[in-house]
Asker: 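The structure is given below, and queries will be raised subsequently.
Quick note: residue numbers are just sequence positions, from 1.
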Amino acid sequence: MTEAEAGTLDTMQPNPAWDADSYEDTVETLSEDGLVFKVWGGDWCKDCRNQLPDFAAALDAAEVPDERVEHYPVEKEDDGSKTGPLVEEYDIEYIPTVVVERDGEEVARFVEDARVPIAVYLANELAE
């Protein structure tokens with residue numbers, strides 16, 4: 001992937017109020033070596049603004065290096081479809097979407113669902 005394909009999402013600034021001690025198992029699971037986190041979102045998106053700062057804080061607590069967290073800013077078209085880097089390749093319909101890969105293979109995916117925090121959902125998927 002070239003740097004031109006990835007961008008920066010302001011919503012991926014870690015929430016300073018997030019409590020890593022309350023999510024010890026989640027942080028430990030996310031810290032696994034070799035995991036790459038691909039994050040599609042939009043700074044204009046309410047769900048992204050609500051969910052991504054806590055996810056960013058979890059990655060920060062897990063000491064995931066920046067080079068293993070890729071941001072893909074997405075825009076919304078008039079018909080509701082999403083456009084942006086790798087949207088078609090990864091079949092992105094809703095945001096936020098986070099795809100976790102290990103050795104280039106998808107091992108977990110979170111799509112917009114806010115019933116549990118992104119970090120908790122992905123840690124549960126990775127632990128199975």
Side-chain angles (χ1 to χ4, degrees):
M1 181 188 69
T2 65
E3 296 236 351
E5 291 175 323
T8 302
L9 290 165
D10 291 338
T11 50
M12 281 296 289
Q13 291 298 312
N15 176 359
W18 192 79
D19 180 21
D21 293 338
S22 297
Y23 296 95
E24 208 171 293
D25 291 343
T26 296
V27 169
E28 184 178 332
T29 300
L30 296 178
S31 70
E32 180 185 322
D33 282 342
L35 295 178
V36 174
F37 299 87
K38 296 176 182 273
V39 182
W40 283 265
D43 294 332
W44 51 268
C45 168
K46 184 179 79 167
D47 288 335
C48 297
R49 290 193 311 266
N50 288 337
Q51 298 176 61
L52 290 178
D54 286 350
F55 178 58
L59 293 178
D60 205 36
E63 299 179 359
V64 175
D66 289 345
E67 61 269 12
R68 290 194 301 146
V69 182
E70 300 171 3
H71 301 192
Y72 298 102
V74 173
E75 295 299 326
K76 185 176 180 180
E77 298 300 316
D78 291 340
D79 65 0
S81 66
K82 307 300 184 288
T83 59
L86 302 178
V87 164
E88 289 182 20
E89 293 85 340
Y90 280 85
D91 197 24
I92 305 302
E93 291 183 41
Y94 303 102
I95 57 173
T97 292
V98 180
V99 173
V100 184
E101 294 181 345
R102 181 187 298 118
D103 299 324
E105 295 293 319
E106 183 173 326
V107 292
R109 181 182 286 236
F110 174 94
V111 180
E112 193 185 47
D113 184 19
R115 281 181 279 200
V116 297
I118 298 171
V120 171
Y121 180 88
L122 291 174
N124 289 340
E125 290 289 303
L126 291 166
E128 288 182 1

Asker: Quick one: does any side-chain atom of Asp43 pair with a main-chain N or O of Asp10 as donor and acceptor, under 3.5 Å?
Answerer: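 It does hold such a pair.
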Asker: Evaluate the criterion side-chain contact (heavy atoms from CB on, under 4.5 Å) for residue pair Thr97 and Arg109; output intermediate values, then yes/no.
Answerer: CA-CA 7 Å; Thr97 292; Arg109 181 182 286 236; 4.3 Å; yes
Asker: Are Val99 and Trp40 packed together at the side-chain level, in the sense that at least one heavy-atom pair is separated by less than 4.5 angstrom?
Answerer: yes
Asker: side-chain contact (heavy atoms from CB on, under 4.5 Å) between Arg115 and Tyr121: does it pass, once the steps are laid out?
Answerer: CA-CA 9 Å; Arg115 281 181 279 200; Tyr121 180 88; over 6 Å; no
Asker: Going from CD on Gln51 to SG on Cys45, what distance comes out if it is rounded to the nearest 0.5 angstrom?
Answerer: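 Output value for this atom pair is 8.0 Å.
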Asker: Taking all non-hydrogen atoms of both residues, which atom of Cys48 and which atom of Pro53 are closest, and how far apart?
Answerer: O-CD, 3.6 Å
Asker: Run the numbers on Asp47 and Ile95 for side-chain contact (heavy atoms from CB on, under 4.5 Å), then give the verdict.
Answerer: CA-CA 7 Å; Asp47 288 335; Ile95 57 173; over 6 Å; no
Asker: Within a strict 4.5 Å, meaning less than it, do heavy atoms of the Val36 and Val100 side chains meet?
Answerer: no
Asker: How long is the straight-line distance from CD of Glu70 back to OG1 of Thr8, given to the nearest 0.5 Å?
Answerer: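 Thr8 OG1 to Glu70 CD: 12.0 Å, rounded to 0.5 Å.
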Asker: With heavy-atom distances below 4.5 Å as the criterion, would you say the side chains of Leu30 and Leu35 are in contact?
Answerer: no
Asker: Are the side chains of Tyr23 and Pro117 in touch, meaning some heavy atoms are under 4.5 Å apart?
Answerer: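 SC-SC contact between Tyr23 and Pro117 confirmed.
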Asker: I'd like to know whether CD of Glu28 has more than 12 heavy-atom contacts from other residues, nucleotides or ligands below 6.0 angstrom.
Answerer: no
Asker: Quick one: does Val39's side chain get under 4.5 Å of Met12's, heavy atoms only?
Answerer: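 SC-SC contact between Val39 and Met12 confirmed.
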Asker: For residues Pro73 and Pro85, report the shortest heavy-atom separation together with the two atoms involved.
Answerer: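 Looking at all heavy atoms of both residues, the closest pair is O-CD, 3.3 Å.
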Asker: Going by heavy atoms in the side chains, are Pro96 and Leu52 under 4.5 Å from each other?
Answerer: yes
Asker: With rounding to the nearest 0.5 angstrom, report the CG to OG1 distance, Leu126 to Thr29.
Answerer: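 Answer rounded to 0.5 Å: 7.0 Å.
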Asker: Report the distance from atom CD1 of Ile118 to atom CG of Asp113, rounding to the nearest 0.5 Å.
Answerer: 10.0 Å
Asker: Strictly by side chain to side chain donor-acceptor pair (under 3.5 Å), give each pair with a member in residues 77-89 just once, sequence neighbours left out.
Answerer: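 Side chain to side chain donor-acceptor pair (under 3.5 Å) check on residues 77-89 returns Glu77-Thr83, Asp79-Ser81.
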Asker: Going from CZ on Phe37 to CZ on Arg68, what distance comes out if it is rounded to the nearest 0.5 angstrom?
Answerer: 6.5 Å
Asker: Between Tyr90 and Lys38, is there a side-chain heavy-atom distance shorter than 4.5 Å?
Answerer: yes
Asker: With a 4.5 Å heavy-atom cut-off, do Phe55 and Phe110 have their side chains touching?
Answerer: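 No, every pair of side-chain atoms sits at 4.5 Å or beyond.
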Asker: What pair of heavy atoms forms the shortest contact from Gly42 to Thr11, and how long is it?
Answerer: O-CG2, 4.4 Å
Asker: Atom CG of residue position Asp103 - does it have more than 12 heavy atoms of other residues, nucleotides or ligands inside 6.0 Å?
Answerer: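 Not buried by this count: 12 neighbours or fewer within 6.0 Å.
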Asker: If you measure from CG on Leu9 to CZ on Arg49, what distance do you get to the nearest 0.5 Å?
Answerer: 12.5 Å
